[in-house]
**Student:** 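This is the structure I want to talk about, given as structure tokens.
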Number of protein chains: 2
Amino acid sequence: MNNTKQRTLIYETVQGSYAHPTADDVFRAVRRDLPNISLGTVYRNLNVLTELGKIRKISVPGQPDHFDRQGEWHDHMVCERCGKMIDITLRCTPPLAEQLAIQSGLEVTGYSLVAQCICPACAEEKEDQPMGQAAV
Amino acid sequence: MNNTKQRTLIYETVQGSYAHPTADDVFRAVRRDLPNISLGTVYRNLNVLTELGKIRKISVPGQPDHFDRQGEWHDHMVCERCGKMIDITLRCTPPLAEQLAIQSGLEVTGYSLVAQCICPACAEEKEDQPMGQAAV
DNA sequence: CTCTGTGCAAAACTTTTGCATAGCC
DNA sequence: GGCTATGCAAAAGTTTTGCACAGAG
């Protein structure tokens with residue numbers, strides 16, 4: 001696998017961020033350093049890096065896929081008002097993957113847990129008046 | 001809300017199935033009874049029914065959304081080889097939604113848990129030879 | 001030098017939407 | 001009759017892909 005500056009930069013961008021960027025977010029970010037990079041290259045590399053397990057892809061209903069740094073395992077919560085994504089390190093005993101494997105009797109190779117929530121900012125807003133969507 | 005035969009049939013199709021159909025699956029199924037129904041109508045009604053909580057929408061990475069009957073709460077596993085979706089009634093104590101709320105300190109309004117697995121059929125196949133994707 | 005990756009553009013695919021008409025209540 | 005839903009078709013949005021060229025090893 002070749003180490004191109006595009007691939008390196010895309011990886012560093014995702015791995016260095018806690019903002020759960022979409023492919024387009026990554027595209028706009030790396031374009032600051034590599035103005036000629038194409039969106040296709042970003043998608044291709046995000047997929048390669050996901051495949052290699054170097055970053056994670058998170059699917060959220062009704063939104064484009066998000067990408068996330070690899071680090072300690074964690075799950076995600078999404079504010080149903082503003083769409084903001086929040087990390088949560090859910091501690092279960094036994095661990096969720098184990099419970100899934102035991103209770104299903106199948107080989108579990110991974111899982112994705114995305115909870116909907118009301119984030120603190122939106123919860124506060126509600127107390128004033130029923131407003132529309134806040135900006136992401 | 002009007003009870004059109006389209007909406008009724010779409011609802012019954014999803015509610016009567018354990019196959020987790022996609023919008024297109026539903027479209028092809030209802031078209032047998034209503035040959036002139038349009039895909040747009042199917043999407044509109046699936047969204048309306050989801051909004052009303054009468055059916056569920058399940059997002060799976062890299063696949064179009066699936067729809068599922070409402071019944072006892074359950075989570076889902078997807079075979080990473082053949083894409084087949086399997087119901088699992090995961091019992092956690094305390095319940096997952098509660099754990100999420102407690103550990104995050106946020107108001108949790110729902111969650112989606114989709115685990116990747118190797119389904120029994122694909123697990124067996126593997127023992128013979130490394131094969132390509134099976135048909136869904 | 002060879003093989004992989006890139007940029008560009010077109011295309012694929014899923015899902016939404018505008019509009020005139022049809023159907024429900 | 002008024003209001004909602006439908007069918008059709010176009011469009012929007014995300015993601016993939018074919019191809020010629022550039023870059024990495």
Side-chain angles (χ1 to χ4, degrees), chain A residues 1-14 20-52 54-68 78 83 85 112 114 133 135-136, chain B residues 1-14 20-52 54-68 78 83 85 112 114 132-133 136:
Chain A
M1 203 194 50
N2 287 355
N3 275 327
T4 61
K5 53 187 190 306
Q6 288 89 341
R7 179 166 297 164
T8 304
L9 183 55
I10 289 165
Y11 171 66
E12 286 171 354
T13 298
V14 175
H20 313 92
T22 62
D24 197 64
D25 292 334
V26 174
F27 176 54
R28 289 205 304 275
V30 298
R31 194 145 64 152
R32 290 199 287 265
D33 288 302
L34 299 173
N36 291 320
I37 198 171
S38 77
L39 186 54
T41 296
V42 172
Y43 271 104
R44 261 184 299 238
N45 280 303
L46 288 172
N47 285 340
V48 168
L49 292 165
T50 302
E51 209 67 31
L52 292 172
K54 303 192 73 178
I55 61 175
R56 285 171 63 191
K57 185 193 272 195
I58 316 164
S59 293
V60 183
Q63 291 185 36
D65 288 341
H66 293 249
F67 293 86
D68 197 10
V78 179
M85 190 171 286
S112 151
V114 179
Q133 304 271 110
V136 185
Chain B
M1 205 193 48
N2 287 357
N3 275 328
T4 60
K5 52 189 190 306
Q6 288 88 342
R7 178 165 299 164
T8 305
L9 183 54
I10 288 165
Y11 172 67
E12 285 169 356
T13 300
V14 175
H20 313 93
T22 62
D24 197 64
D25 293 334
V26 174
F27 176 54
R28 289 204 304 274
V30 298
R31 195 144 62 152
R32 290 200 286 266
D33 288 302
L34 299 173
N36 292 319
I37 198 171
S38 77
L39 186 54
T41 295
V42 172
Y43 271 104
R44 262 185 298 236
N45 279 303
L46 288 172
N47 285 340
V48 167
L49 293 165
T50 302
E51 208 67 33
L52 292 172
K54 302 192 73 177
I55 61 175
R56 284 171 62 189
K57 185 193 272 197
I58 316 164
S59 293
V60 183
Q63 291 187 36
D65 288 341
H66 294 249
F67 294 86
D68 197 9
V78 179
M85 191 171 286
S112 150
V114 180
Q133 303 272 109
V136 185

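A, B, ... follow the sequence lines: proteins, then strands. Residue 1 opens every chain.
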**Student:** Going by number, which of residues 27-38 of chain B have a non-hydrogen atom under 4.0 Å from DNA chain D?
**Tutor:** B/N36, B/I37, B/S38
**Student:** Any idea which of C/dT14, D/dT15, C/dT6 is nearest the A/R7 side chain?
**Tutor:** C/dT6
**Student:** Under the side chain to side chain contact (heavy atoms under 4.5 Å, CB included) criterion, do A/F27 and A/D24 qualify, and how do the steps go?
**Tutor:** CA-CA 5 Å; A/F27 176 54; A/D24 197 64; 4.0 Å; yes
**Student:** If I take atom CD1 in residue A/I10 and atom C1' in nucleotide D/dT15, what distance separates them, rounded to the nearest angstrom?
**Tutor:** 14 Å
**Student:** To the closest 0.5 Å, what do you measure between CZ (A/R31) and CG (A/L39)?
**Tutor:** 8.5 Å
**Student:** Between B/T22 and B/D25, is the side chain to side chain donor-acceptor pair (under 3.5 Å) condition met? List the steps.
**Tutor:** CA-CA 5 Å; B/T22 62; B/D25 293 334; 3.1 Å; yes
**Student:** If I take atom CG in residue B/D65 and atom C1' in nucleotide D/dT15, what distance separates them, rounded to the nearest angstrom?
**Tutor:** 15 Å
**Student:** Using 0.5 Å steps for rounding, measure from the CZ atom of A/F67 to the OH atom of A/Y43.
**Tutor:** 7.5 Å
**Student:** Under 4.0 Å between a side-chain N/O of A/Q6 and OP1 or OP2 of C/dG7, yes or no?
**Tutor:** yes
**Student:** Which whole-number value in Å describes the distance from B/N45 CG to C/dC24 C1'?
**Tutor:** 14 Å
**Student:** Find the distance between OG (B/S112) and NZ (B/K57) and round it off to the nearest 0.5 Å.
**Tutor:** 12.0 Å
**Student:** In whole Å, I'd like the distance from the CG atom of A/L9 to the P atom of C/dG5.
**Tutor:** 17 Å
**Student:** Given that B/A23 and A/V48 both sit by DNA chain C, which one's nearest nucleotide is further toward the 5' end?
**Tutor:** A/V48
**Student:** Report the distance from atom NE2 of A/H20 to atom CG of A/D65, rounding to the nearest 0.5 Å.
**Tutor:** 13.5 Å
**Student:** Starting from C1' on C/dT15, measure out to CD on B/E51 and report it in whole angstrom.
**Tutor:** 15 Å
**Student:** Which is true for A/D24 with a 4.0 Å heavy-atom rule: it touches a base, it touches only sugar-phosphate, or it touches nothing?
**Tutor:** nothing
**Student:** If I compare all heavy atoms of A/V42 with all of A/I10, which pair ends up nearest, and what's the gap?
**Tutor:** CA-CD1, 3.8 Å
**Student:** Under the side-chain contact (heavy atoms from CB on, under 4.5 Å) test against B/M85, which residue among B/D68, B/I58, B/V114 passes?
**Tutor:** B/I58
**Student:** Nucleotide by nucleotide, 5' to 3', does protein get under 4.0 Å of the base (B), only the sugar-phosphate (S), or neither (-) in nucleotides 16-25 of chain D, counting heavy atoms?
**Tutor:** BBB----BSS
**Student:** Could you grab the distance from atom CD1 of A/I37 to atom CZ of A/R28, nearest 0.5 Å is fine?
**Tutor:** 14.0 Å
